[in-house]
Amino acid sequence: MKLQVRKIMEKDWVDGLFTQWWSDWNTDPFPRDFLPGAFQVGDHEDKKEGLGGFVVCKGNHPIAAMWLYLTNSKTAIPAVVVSDRYYKDTDRSDALQLLVNFTTDFAEDLGYKYAFAWAKEGKVLKYYEAGGWYKDESPSFELIKRY
C-alpha cells in the first residue's frame, strides 16, 4: 500500500489521535492552541487551532504528524513531530522522511525562502539531514515559556 500525505483534520483531534500518540511516547501533549492553525489561502477565515500541518498515512492508517508554522518573514518553521509508536512496518522510516520532505516542500511552494527547524538526536534529525539540511554542530536547547 502506498504512503500518502494529507492535511491534519478536526477528526484527528476529536478522535484523540495525537493525544494518544503523545501518551504512548510517555510525553506530555502539546496544547492544541500552541500549534499553528489551518493554512489560509485567499479569503481569510478563522484559523482552526492545531490544524496547520500534515499527517502521513498508509491507506487509512495514520503514521505520523508534523506541524508547519508560517511566519511574517520569509522563514517557515516545520516543527513538532509525533508518531504512532506501535507502527512497525518496514516503511516507517520512509513515512517519516516523506512527512519531513512534504512539509518543507509545502513551505517552499508557498514562497518561503528559508526553513528553520530543530530536532533531537535520535529522533527526526536524520530525516532533516537526509533532506539536505545544514546541521550546526553546537548543541542547542528547546525553550518554551508559558504565560
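In this chain, residues are counted from 1 in sequence order.
In this structure the side chain of Glu10 reaches within 4.5 angstrom of the side chain of Leu51, judged on heavy atoms. Side-chain atoms of Val56 and Met66, non-hydrogen and from C-beta on, never get closer than 4.5 Å to each other. Within the 4.5 Å cutoff, side-chain heavy atoms of Leu3 are placed close to those of Asp94.
Here the side chain of Asp15 pairs no donor or acceptor atom with the backbone of Leu17 at under 3.5 angstrom. With hydrogens and angles disregarded, a donor-acceptor distance shorter than 3.5 Å links the side chain of Trp13 to the backbone of Gly50. Listed for the Arg32 side chain is a donor-acceptor partner under 3.5 Å among the backbone atoms of Glu49. Side-chain N or O atoms of Ser23 include none that pairs as donor or acceptor with a backbone N or O of Trp21 at under 3.5 Å. Using modelled atom types, no side-chain atom of Trp133 and backbone atom of Ala117 make a donor-acceptor pair closer than 3.5 Å. Of the possible polar contacts, none joining the Thr103 side chain to the Val100 backbone as a donor-acceptor pair under 3.5 Å is found. Counting only distance, with no hydrogens or angles, the side chain of Lys88 and the backbone of Arg85 share a donor-acceptor pair below 3.5 Å.
Between Ser83 and Arg92, the shortest heavy-atom distance links the atoms OG-NH2, 2.8 Å. Listed here is the closest heavy atom pair of Leu96 and Ala64: CD2-CB, 3.6 Å. Nearest heavy atom pair, residue Gln97 against residue Ala130, reads OE1-CB, 3.2 Å. A pairwise comparison of heavy atoms in Pro36 and Leu68 identifies CG-O, 3.4 Å as the closest pair. Between Thr71 and Ser73, the shortest heavy-atom distance links the atoms OG1-OG, 2.8 Å. When all heavy atoms are compared, the tightest approach of Ile63 to Cys57 is CD1-C, 4.1 Å.
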List the steps, then state whether salt bridge (charged side-chain N to carboxylate O under 4.0 Å, His left out) holds for Lys7 with Asp12.
-> CA-CA 10 Å; Lys7 290 174 24 177; Asp12 298 323; over 6 Å; no

Can Val55 and Val5 be said to form a side-chain contact (heavy atoms from CB on, under 4.5 Å), step by step?
-> CA-CA 6 Å; Val55 177; Val5 179; over 6 Å; no

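The CZ atom of Phe54 lies 8.0 Å from the CD1 atom of Ile8; values are rounded to the nearest 0.5 Å. We find the CZ-CG distance between Arg6 and Asn60 to be 9.0 Å, quoted to the nearest 0.5 Å.
Residues Tyr128 and Thr104 bring no donor and acceptor atom of their side chains to less than 3.5 Å of each other.
Under a hydrophobic-cluster definition in which Ile, Leu, Val, Met, Phe, Trp and Tyr are linked whenever side-chain heavy atoms come within less than 4.5 Å, directly or via other members, Leu125 and Leu98 are assigned to different clusters. Linking ILVMFWY side-chain heavy atoms closer than 4.5 Å, directly or via other members, places Trp22 and Met9 in two distinct hydrophobic clusters. In the hydrophobic clustering of ILVMFWY residues, with side-chain heavy atoms under 4.5 Å counting as a link, Tyr114 and Tyr69 come out apart. Phe30 is connected to Val82 through a chain of hydrophobic side-chain contacts under 4.5 Å among Ile, Leu, Val, Met, Phe, Trp and Tyr, so both are in one cluster.
Between Trp67 and Phe18, the distance from one ring center to the other falls under 6.0 angstrom.
Residues satisfying the side chain to side chain contact (heavy atoms under 4.5 Å, CB included) test with Thr90, not counting sequence neighbours, are none. Qualifying ring pair (Phe, Tyr, Trp, His ring centres under 6.0 Å) partners for Tyr112, counting only residues two or more places apart in sequence or in other chains: none. Every side chain to side chain donor-acceptor pair (under 3.5 Å) that Tyr87 has, sequence neighbours left out, goes to Asp89, Asp91.
Enclosure of atom CG in Asp109 by more than 12 non-hydrogen atoms of other residues, nucleotides or ligands within 6.0 angstrom is indicated.
In this structure, Phe106 and Phe102 have parallel ring planes: the angle between them is below the 30° cut-off, well short of the 60° mark.
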